[in-house]
Amino acid sequence: MRVHEIMTTKPMTAHPGDTIAHALHLMIAGGFHHLPIVSSSKHLIGVVSNSDIRRALDIADIHQVMPEDHPLAHTVKLREIMSNAPVITVPEADIFDAAVSMYENSINSLPVMLGETLVGIVTTSDLMIAFIQVSRSQRAPLQRD
């Protein structure tokens, strides 16, 4: 199975000058935990995760605070908390290789690049679902007597 079969296509993105409040609005509304950060020329330059936001705001869960209620959410820019030069993958990569890359780099998402273009994102949740599907399809049917 290949990354392009399981990735989220056309992921929501933000810019390094955007605030945490902006990222929180996008993430909560979209129900995702990773936000690729792109430059004004649309080049991938980083990733912000819900963990990055939780650390920056010193909160346990991004859903416990409304962005408009936390003063730091309006002053801290994503460039200050994003992971720079993120590890990436390509659409044709095997999902096993993507999983190994995530494990070895202690990360939970991989932006998917086609040349210089961000075409998707794959997360640990995507991989878990795919591995469950593959495992189920390879199981031998139960034998009944």
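In this text, all values refer to a predicted model and were calculated from it rather than measured experimentally. Only heavy atoms go into these numbers, but all of them, side chains included; no hydrogens, no water, no symmetry mates.
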task: Report yes or no: does Thr19 contribute a side-chain atom to a donor-acceptor pair with the main-chain N or O of His22 at less than 3.5 Å?
output: yes
message: Contact between Thr89 and Val122 at the side-chain level, heavy atoms closer than 4.5 Å - yes or no?
response: yes
- prompt: Which pairs count as salt bridge (Lys or Arg N to Asp or Glu O under 4.0 Å) when at least one residue sits in residues 25-52, sequence neighbours excluded?
  reply: Asp52-Arg55
query: What pairs meet the side chain to side chain donor-acceptor pair (under 3.5 Å) rule with one or both residues in residues 120-130, with sequence neighbours excluded?
result: Thr123-Asp126
- request: Apply side chain to side chain contact (heavy atoms under 4.5 Å, CB included) to the pair Phe32 and Ile121, showing each step before the final yes or no.
  value: CA-CA 11 Å; Phe32 50 85; Ile121 190 165; over 6 Å; no
message: Going by the rule side chain to side chain donor-acceptor pair (under 3.5 Å), which residues pair with Thr9 if we only count those two or more places apart in sequence or in a different chain?
response: none
task: Using the side chain to side chain contact (heavy atoms under 4.5 Å, CB included) rule, take Ile20 and Leu72 through it: C-alpha gap first, then chi angles, then the decisive distance, then the call.
output: CA-CA 8 Å; Ile20 288 177; Leu72 286 179; 5.9 Å; no
- request: Consider only side-chain heavy atoms of I, L, V, M, F, W and Y, link residues closer than 4.5 Å, and tell whether Leu24 and Leu26 are in one cluster.
  value: yes
message: Using every non-hydrogen atom in the two residues, find where Gly17 and Lys77 come nearest and quote the distance to one decimal.
response: O-CD, 3.0 Å
query: Is Val48 reachable from Ile28 through a run of hydrophobic residues whose side-chain heavy atoms are each under 4.5 Å from the next?
result: yes
task: Could you name each residue pair satisfying salt bridge (Lys or Arg N to Asp or Glu O under 4.0 Å) that touches residues 7-18, not counting sequence neighbours?
output: none
- line: Using a 4.5 Å side-chain heavy-atom cut-off and chaining through intermediate ILVMFWY residues, the residues clustered with Phe96 come out as Val100
message: Please enumerate all residues that pass side chain to side chain contact (heavy atoms under 4.5 Å, CB included) together with Met128, with sequence neighbours excluded.
response: none
field: Leu57 to Ala73 - nearest heavy-atom pair and separation
entry: CD2-N, 3.8 Å
- prompt: According to the salt bridge (Lys or Arg N to Asp or Glu O under 4.0 Å) rule, which pairs have a member within residues 96-115, sequence neighbours left out?
  reply: none
message: I'd like to check Thr13 versus Ile37 (side-chain heavy atoms, cut-off strictly below 4.5 Å). Are they in contact?
response: no
query: For Ile129, which fellow cluster members are found when Ile, Leu, Val, Met, Phe, Trp and Tyr are connected by side-chain heavy-atom distances below 4.5 angstrom, either directly or through intermediates?
result: none
- request: For residues Ala99 and Leu127, report the shortest heavy-atom separation together with the two atoms involved.
  value: CA-CD1, 3.7 Å
message: Check for me, please, whether Met27 and Met82 land in the same ILVMFWY cluster - side-chain distances under 4.5 Å, paths through other members count.
response: yes
message: Hydrophobic clusters here meaning ILVMFWY residues chained together by side-chain heavy-atom distances under 4.5 Å, can you tell me if Met102 and Ile6 are in one?
response: yes
message: Test of understanding: with side chain to side chain contact (heavy atoms under 4.5 Å, CB included), list the residues that count as partners of Arg2, not counting sequence neighbours.
response: His4, Glu5, Glu92, Asp94
field: Results of side chain to side chain donor-acceptor pair (under 3.5 Å) for His15 - residues two or more places apart only
entry: none
- request: Check side chain to side chain contact (heavy atoms under 4.5 Å, CB included) between Tyr103 and all other residues, then give those that pass, not counting sequence neighbours.
  value: none
- prompt: Does the side chain of Val38 come within less than 4.5 Å of Ile45's, by heavy atoms?
  reply: no
query: Does some side-chain heavy atom of Ser49 sit less than 4.5 Å from a side-chain heavy atom of His33?
result: no
message: Minimum heavy-atom separation for Leu35 and Ala14, please, with both atom names.
response: CD2-CB, 3.6 Å
query: Applying the 4.5 Å side-chain criterion to the ILVMFWY set and letting contacts propagate, would Met7 and Ile95 be lumped into a single cluster?
result: yes
For residues 108-118, please give each side-chain donor-acceptor pair under 3.5 Å, one per line with the distance, not counting sequence neighbours.
none

